[in-house]
Amino acid sequence: MQYTEDFKRGIVRALIASGMSRKEFADKAEIGVGTLKRWVAQYKDEEVPKVDRKKYSEEYKKSIVKNMIYDGITCESMARETGISRQLIEYWDSKYRYDVIDEVEREARQRRKKKVKKRDNMASIWIKCRKI
């Protein structure tokens with residue numbers, strides 16, 4: 001089957017924007033994987049700048065990873081829940097996981113310090129009351 005130049009470029013843009021693997025995308029688009037690879041090699045450099053990718057803040061990415069850790073869910077489940085590609089969530093997880101764990105531990109230490117400080121304040125008030 002002969003495809004037009006515009007069709008091929010559109011398929012490459014759609015693949016890039018989808019975040020799917022080439023195999024997944026080829027199956028959905030009913031195009032051979034080899035054909036798709038050839039089109040990507042041919043048009044990728046021209047089409048990448050044209051793709052309107054969503055921009056996610058670092059805070060949002062970390063919140064996704066934090067929720068995965070707290071809820072004990074997989075990247076695949078989070079991808080289904082958020083509508084973001086599994087590959088992108090896996091990348092965020094590998095990039096931010098240890099930062100998020102450090103932040104959670106830091107927050108826990110701060111909560112413990114506040115709790116101890118509050119307890120110390122209550123003890124000093126109790127001692128003052130006993131002296132009266």
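Numbers for residues simply follow the sequence, beginning at 1.
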Pairs of donor and acceptor atoms involving the side chains of residues 30-39, under 3.5 Å and at least two apart or interchain, shall be tabulated with distances.
none

Subject >> Gap separating the CZ atom of R86 from the CD atom of E24, nearest 0.5 angstrom >> reply: 6.0 Å

Original post:
Mind checking whether L88 and Y56 have side chains closer than 4.5 Å, heavy atoms only?
Top reply: yes

Original post:
Taking atom SG of C75 and atom CD1 of I64, what is their separation to the nearest 0.5 Å?
Top reply: 10.5 Å

Original post:
Does any non-hydrogen side-chain atom of E5 lie less than 4.5 Å from one of Y43?
Top reply: yes

**OP:** Could you tell me the separation between the CD1 atom of I73 and the CZ atom of R80, rounded to the nearest 0.5 Å?
**Re:** 9.5 Å

**OP:** With rounding to the nearest 0.5 Å, note down the distance linking CZ in R22 to CG in L15.
**Re:** 7.0 Å

**OP:** Side-chain contact test, heavy atoms from C-beta onward, threshold under 4.5 Å: evaluate it for Y3 versus I11 and give yes or no.
**Re:** no

**OP:** Taking the side chain as every heavy atom from C-beta outward, state whether V40 and F25 have any pair of such atoms under 4.5 Å apart.
**Re:** no

**OP:** Show the numbers, then the answer: is there a salt bridge (charged side-chain N to carboxylate O under 4.0 Å, His left out) between D27 and K23?
**Re:** CA-CA 6 Å; D27 289 345; K23 171 102 175 82; 3.2 Å; yes

**OP:** Kindly check if the number of other-residue, nucleotide or ligand heavy atoms within 6.0 Å of CD (Q42) is above 12?
**Re:** yes

Subject >> Those residues that, when tested against S63, pass side chain to side chain donor-acceptor pair (under 3.5 Å) (two or more places apart) >> reply: none

Subject >> Residues in ring-ring contact (aromatic ring centres under 6.0 Å, His included) contact with Y91, at least two apart in sequence or another chain >> reply: none

Original post:
Among E76, K61, M68, which one satisfies side chain to side chain contact (heavy atoms under 4.5 Å, CB included) with I89?
Top reply: M68

Original post:
When rounded to the nearest 0.5 angstrom, what distance separates OH in Y60 from OG1 in T82?
Top reply: 5.5 Å

**OP:** Please determine which of D99, D93, I101 meets the side chain to side chain contact (heavy atoms under 4.5 Å, CB included) test together with V65.
**Re:** D93

